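Small disclaimer: the values here were computed from a predicted structure and weren't measured. Each ligand, and each atom within it, is numbered from 1 in the order the structure gives.
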Amino acid sequence: MPGVRDRNESAWLLPNDGSRTNHRLRADMRRFADTDEIDLVIVGCGAGGSVLLQRLARAGWRVAALDAGPFWDPDTDWVSDEAGSQQLYWTDPRVISGADPVPMGSNNSGRGVGGSMVHYAGYTPRFHPSDFTTQKLDGVGADWPLSYPELRPYYEQLEQELPVAGERWPWGDPHAYPYRPHPVGGNGEIFLRGARALGIEARVGPVAITNGRFGNRPHCIYRGFCLQGCKVNAKASPLVTHIPDALAHGAEVRADAMVTRIAIDPESGRALGVHYVRDGRERFQRAAMVAVAGYSIETPRLLLNSACARFPDGVGNDFDQVGRYLMVQGAPQTAGRFDSEVRMYKAPPPEVSTEQFYETDHSRDFQRGFSIQTVSPLPITWAEHVAAQGHWGGALRQYMSDYVHWACLGALCEFLPQPGNRVTLADEKDRYGLPVADFSYTQCGNDQAQAKAAQSVMEDILRAAGAEEVITIQRYAHLVGGARMAADERSGVVDQSCRSFAVPNLYITDGSVLPTQGAANPALTIMAVAARAADQLAAGARSGSAS
Ligand SMILES: Cc1cc2nc3c(=O)[nH]c(=O)nc-3n(C[C@H](O)[C@H](O)[C@H](O)COP(=O)(O)OP(=O)(O)OC[C@H]3O[C@@H](n4cnc5c(N)ncnc54)[C@H](O)[C@@H]3O)c2cc1C
Ligand code: SF4
């Protein structure tokens, strides 16, 4: 893969001695003083924050990322065990409200260096070109202030850096992947068989899981613990893909540092740095520029909690846009029972998907669409699926002892952005004394029609593959939006470069900036948007216009 190593050496910086963490790199990491006015401080070191950090460290910036959670060590912190992995999630209190409240915790954001990608499944599809103009094409959602071709080069770079494995992708902007597809397990075989019987096109991938050795990163060993952190380091997350390279190029990653407020100069209206709490002490990091990348709930919450004389309703909230248009994908999950053993745990959960139903089809009674993917829950998550169906006691025990006979598919439905689906501040306070987020969510009729259609296709696929019983539960996945990019400050919080309309030296570079969510998993797009913003910042700095 020519050029990858020049751009991102992370995979070669990992140790080659059977351990999984480059302790030397962490010990020798550059450390800035709070009183240093660094070029950029980043809040949150997940999908968006880490890519920005790595790119700007390579451009020679003095840059630090502060993350509220720990600097994970896969050798000592992670276990291949569902129950033992709960510490990976952001489980601080949050209030949920609205007609269709979204449960928080293990199904949304992570806490710690690497962010939610530490426990994400590993699917890395691109958005389709149509996702960037849904208002123009379909009269719903919003048009992005940037186009698909502007993101394409960043998708291509990141697919090599993670790297991504999969079959040639026929949907959206058709493209190939740098690594060939993984072999599939029982669940993937069933999806492919059922889809083939119905004439539905399904493909293997795209997953950010190494298929063969990549630098010093070992290949996947197909044990299926991708959502528990991947102790092997085969699954890409910033902890192994972008952070080691950032450290090697002079960045600092400050773990266990909870940012409580962005400081704004009342005179100039510019950001001065961030207040944060570490080891029980309140501190302040000065910086010429601030970027927020704390995930769709925590980013709007931080902007709102940073209300000050210049921004009494929250930073960048002059037009009441902060926290609005928060989206979550409808993610119904359908399981089918087969006579023969499936053993869906014996492979990564992400294996096979179809995007055949992704765009608007005028023969259906809703706009936009959905994708379908293998999901392969481990036993505790399987018990939750069965219990959500209303099965308890003896029936639940029966379903559990039958676990090896079940296959499971999940849909991602493009629920539409709505202004009333938003984060505000609740009366309740967290352990730092800060108001927690109240996330209010209500589905619209289009959302409900999509989820129904997706359920019906998944049930058909499993039946066509030979399932004798199918059960479906309704759930959500993947929060994005809440500080969206837009053409102007009356319809969004940042511009197409991720720069705040209101504060010229404040950027937002995480999933919050997405104006629509498509029916694709969001991590690759979040990274691509951050990589593009980094390029523009580095170019602006050279031309003297970045801040
Ligand atoms: C179970 C599960 C499976 C998933 N599977 C997939 C998948 O297969 N494919 C895919 O594309 N996506 C998947 N996702 C979603 C994906 O991981 C997220 O969309 C993505 O990581 C979000 O990126 P981000 O940069 O917005 O935030 P994150 O990656 O969550 O990073 C935010 C970081 O900010 C830190 N932070 C927050 N607030 C503060 C603060 N005030 N001070 C300091 N630090 C702070 C947090 O600790 C965290 O580390 C999955 C998510 C879950 C929960
Ligand atoms: S199945 Fe592969 S990617 Fe998933 S946890 Fe195991 S080694 Fe990692």
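- Not a single N/O/S atom of C230, whether from backbone or side chain, sits less than 2.8 Å from atom 2 (Fe) of ligand 2.
- Proximity of W90 to ligand 1, defined as any heavy-atom pair under 4.0 Å, is confined to the side chain (atoms from C-beta onward).
- Atoms of ligand 1 found under 4.0 Å from any heavy atom of A121 (numbered from 1 in listed order, with element): 3 (C), 4 (C), 5 (N), 6 (C), 7 (C), 8 (O).
- Residue H478 has at least one heavy-atom neighbour below 4.0 Å for each of these atoms of ligand 1: 4 (C), 5 (N), 6 (C), 12 (N), 13 (C), 14 (N), 15 (C), 50 (C).
- A donor-acceptor pair under 3.5 Å is absent between the side-chain atoms of R217 and the main chain of T241, judged by distance alone.
- Every atom of ligand 1 with a heavy atom of A257 under 4.0 Å away is listed here by number and element: 42 (N), 43 (C).
- Between the N216 side chain and the L14 main chain, a donor and an acceptor come within less than 3.5 Å of each other.
- The single protein non-hydrogen atom nearest to atom 1 (S) of ligand 2 is G224 N, 3.1 Å, given as residue, atom name and distance.
- Residues H128 and Y148 come closest through the heavy atom pair C-CD1, 4.3 Å.
- Aromatic ring centres of F127 and Y155 lie farther apart than the 6.0 Å criterion allows.
- Of the listed residues (N187, L378, V404), just one forms a side-chain contact (heavy atoms from CB on, under 4.5 Å) with M344, and that residue is N187.
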* Decide side-chain contact (heavy atoms from CB on, under 4.5 Å) for T516 and F132; before the verdict, give the C-alpha distance in whole Å, the side-chain angles of both, and the deciding distance to 0.1 Å. => CA-CA 7 Å; T516 61; F132 296 77; over 6 Å; no
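- The closest approach between any non-hydrogen atom of T124 and ligand 1 is not below 4.0 Å.
- For ligand 1, the atoms sitting less than 4.0 Å from at least one non-hydrogen atom of V43 are 40 (C), 42 (N), 43 (C), numbered in the order shown with element in parentheses.
- The nearest protein atom to atom 4 (Fe) of ligand 2, hydrogens excluded, is given as C226 SG, 2.2 Å; this is a heavy-atom distance.
- The contact set between ligand 1 and M117, taken as ligand atoms under 4.0 Å from a residue heavy atom, comprises 17 (O), 21 (O).
- Residue-to-ligand polar distances keep I526 apart from ligand 1: every N/O pair is separated by 3.5 Å or more.
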* To do: Mind running side chain to side chain donor-acceptor pair (under 3.5 Å) on R343 and Y345 for me, showing each step along the way?
  => CA-CA 5 Å; R343 295 192 180 273; Y345 59 91; 2.5 Å; yes
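- If you look at V259 next to ligand 1, the close heavy atoms, those under 4.0 Å, come from the backbone and the side chain alike.
- On a distance-only criterion, D67 and ligand 1 share at least one N/O pair closer than 3.5 Å.
- Numbered from 1 in the order shown, with element, the atoms of ligand 2 that lie under 4.0 Å from a heavy atom of Y222 read 1 (S), 2 (Fe).
- No close placement of the H219 and F214 rings is indicated, their centers lying 6.0 Å or farther apart.
- Within the structure, ligand 1 has G110 among the residues with a heavy atom less than 4.0 angstrom away.
- Regarding atom 2 (Fe) of ligand 2, its nearest protein heavy-atom neighbour is C220 SG, 2.3 Å.
- Classification of the F415-Y441 ring pair by plane angle, with boundaries at 30° and 60°, yields parallel.
- The backbone N or O of H242 lies less than 3.5 Å from no partner atom in the side chain of S50, so there is not a single donor-acceptor pair.
- With a 4.0 Å cut-off on non-hydrogen atoms, A47 touches ligand 1 through its backbone as well as its side chain.
- Among all non-hydrogen protein atoms, the one lying nearest atom 7 (S) of ligand 2 is I221 N, 3.4 Å.
- Proximity to A68 (heavy-atom distance under 4.0 Å) selects the following atoms of ligand 1: 43 (C), 44 (N), 45 (C).
- For R484 and Y325, the positive end sits near the middle of the six-membered ring, less than 6.0 Å away and at most 45° from its axis.
- The residue from Q329, R301, E298, K235 that puts a heavy atom closest to atom 38 (N) of ligand 1 is E298.
- If you number the atoms of ligand 1 from 1 as listed, the ones under 4.0 Å from a heavy atom of G48 come out as 25 (O).
- Of all the atoms in ligand 1, the ones that sit under 4.0 Å from a non-hydrogen atom of L66 are 43 (C), 44 (N).
- In this pair, Y89 and H119 present their aromatic rings perpendicular. The plane angle is above 60°, beyond the 30 to 60° band.
- Under the side-chain hydrogen bond (donor to acceptor under 3.5 Å, both in side chains) test applied with R20, the options D73, N233, D75 reduce to a single match, D75.
- Distances between N or O atoms of M258 and those of ligand 1 include no value under 3.5 Å.
- For the pair L524 and ligand 1, the shortest N or O to N or O distance does not fall below 3.5 Å.
- For G166 against P181, the heavy-atom pair with the smallest separation is O-CD, 3.7 Å.
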